[in-house]
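One structure is given below, encoded as structure tokens.
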Amino acid sequence: MSRAELVFPALVLVAVAALLTTGFVVLQYSWTVIAFPFGAGIVLAVLCLLQLASVLWRRPPMPSAEDPSDQPVTASSVAWILALAASLYGLGFVLGPAVFLLVYFRARGFSWRVSSAVAAGSVAVTWGVFVKVLRVLLPLEPPWMS
């Protein structure tokens with residue numbers, strides 16, 4: 001266990017707690033203003049606590065296990081990142097990630113059903129949650145069309 005595995009999540013946890021306390025207690029924001037940041041902060045705090053718990057209570061790695069951080073960056077991983085950027089530019093922020101995920105999951109050997117479900121989930125989250133519920137102004141058409 002390295003010190004960074006404990007210090008970074010702990011600092012994030014303290015920063016989130018300080019921001020939530022400041023917004024809710026000191027600045028006295030109303031619940032309608034603080035509801036989404038409060039919910040996101042609670043989720044982030046729980047994730048930090050789970051990370052800290054997993055670091056503190058995990059078994060030491062097996063000596064024969066290969067550390068994935070030692071693996072070099074491959075050309076295929078760079079190509080997938082560039083493909084994601086191209087799909088976002090070419091198809092927009094709603095359909096681009098969905099098409100990318102469909103192609104990526106199919107290339108990794110997943111079935112059409114799983115790949116399609118992940119792509120549909122991507123559209124549902126992007127369109128339903130961000131555009132409709134949260135009213136985030138995402139560019140719906142590709143940037144080259146405007």
Side-chain angles (χ1 to χ4, degrees), residues 1-24 29 32-146:
M1 152 180 44
S2 71
R3 215 178 302 179
E5 288 178 310
L6 290 174
V7 171
F8 184 73
L11 288 176
V12 171
L13 182 63
V14 168
V16 167
L19 287 172
L20 290 177
T21 304
T22 301
F24 205 64
Y29 285 141
T32 56
V33 172
I34 198 79
F36 180 73
F38 185 78
I42 293 297
V43 169
L44 184 60
V46 168
L47 290 174
C48 287
L49 288 172
L50 289 174
Q51 175 65 26
L52 287 169
S54 71
V55 167
L56 290 173
W57 288 303
R58 73 173 171 212
R59 295 182 189 157
M62 300 295 284
S64 62
E66 187 176 322
D67 187 10
S69 64
D70 291 340
Q71 296 177 355
V73 176
T74 62
S76 66
S77 62
V78 173
W80 280 113
I81 292 170
L82 294 175
L84 175 60
S87 69
L88 287 173
Y89 180 77
L91 299 172
F93 280 89
V94 175
L95 291 179
V99 170
F100 172 79
L101 287 170
L102 180 70
V103 171
Y104 182 79
F105 274 72
R106 283 300 298 153
R108 290 291 182 185
F110 287 89
S111 68
W112 277 105
R113 180 177 290 163
V114 171
S115 302
S116 300
V118 170
S122 171
V123 169
V125 167
T126 307
W127 176 259
V129 174
F130 287 104
V131 174
K132 288 298 182 185
V133 174
L134 297 177
R135 300 196 187 277
V136 176
L137 299 174
L138 292 175
L140 298 180
E141 69 259 353
W144 56 269
M145 288 182 97
S146 54

Item to check | Separation of F100 CZ from L88 CG (nearest 0.5 Å) | outcome: 9.0 Å

Next on the checklist: Looking at every heavy atom in both K132 and G128, which two are closest together, and how far apart are they?
Outcome noted: CB-O, 3.3 Å

Checklist outcome for this item: On a heavy-atom basis, the closest approach of V94 and P97 is O-CD, 3.9 Å

Item to check | S115 side chain reached by L101 side chain, heavy atoms, under 4.5 Å | outcome: no

Checklist entry - Could you give the distance from CG (L13) to CG (L47), rounded to the nearest 0.5 Å? => result 10.5 Å

Checklist entry - Within a strict 4.5 Å, meaning less than it, do heavy atoms of the V129 and L134 side chains meet? => result yes

Checklist entry - Looking at side-chain heavy atoms only, is the closest gap between T126 and L95 below 4.5 Å? => result no

Checklist outcome for this item: Separation between CH2 (W57) and CG (L52), nearest 0.5 Å, reads 9.0 Å

Next on the checklist: Does any part of the side chain of V103, heavy atoms only, come nearer than 4.5 Å to the side chain of W80, both counted from C-beta?
Outcome noted: yes

Next on the checklist: Is the ring pair F105/F110 parallel, tilted or perpendicular, if the boundaries are 30 and 60 degrees?
Outcome noted: tilted

Checklist outcome for this item: For S116 and L102, the nearest pair of non-hydrogen atoms, with its separation, is N-CD1, 3.8 Å

Item to check | Atom pair OG (S87) and CG (L82), whose distance is rounded to the nearest 0.5 Å | outcome: 11.0 Å

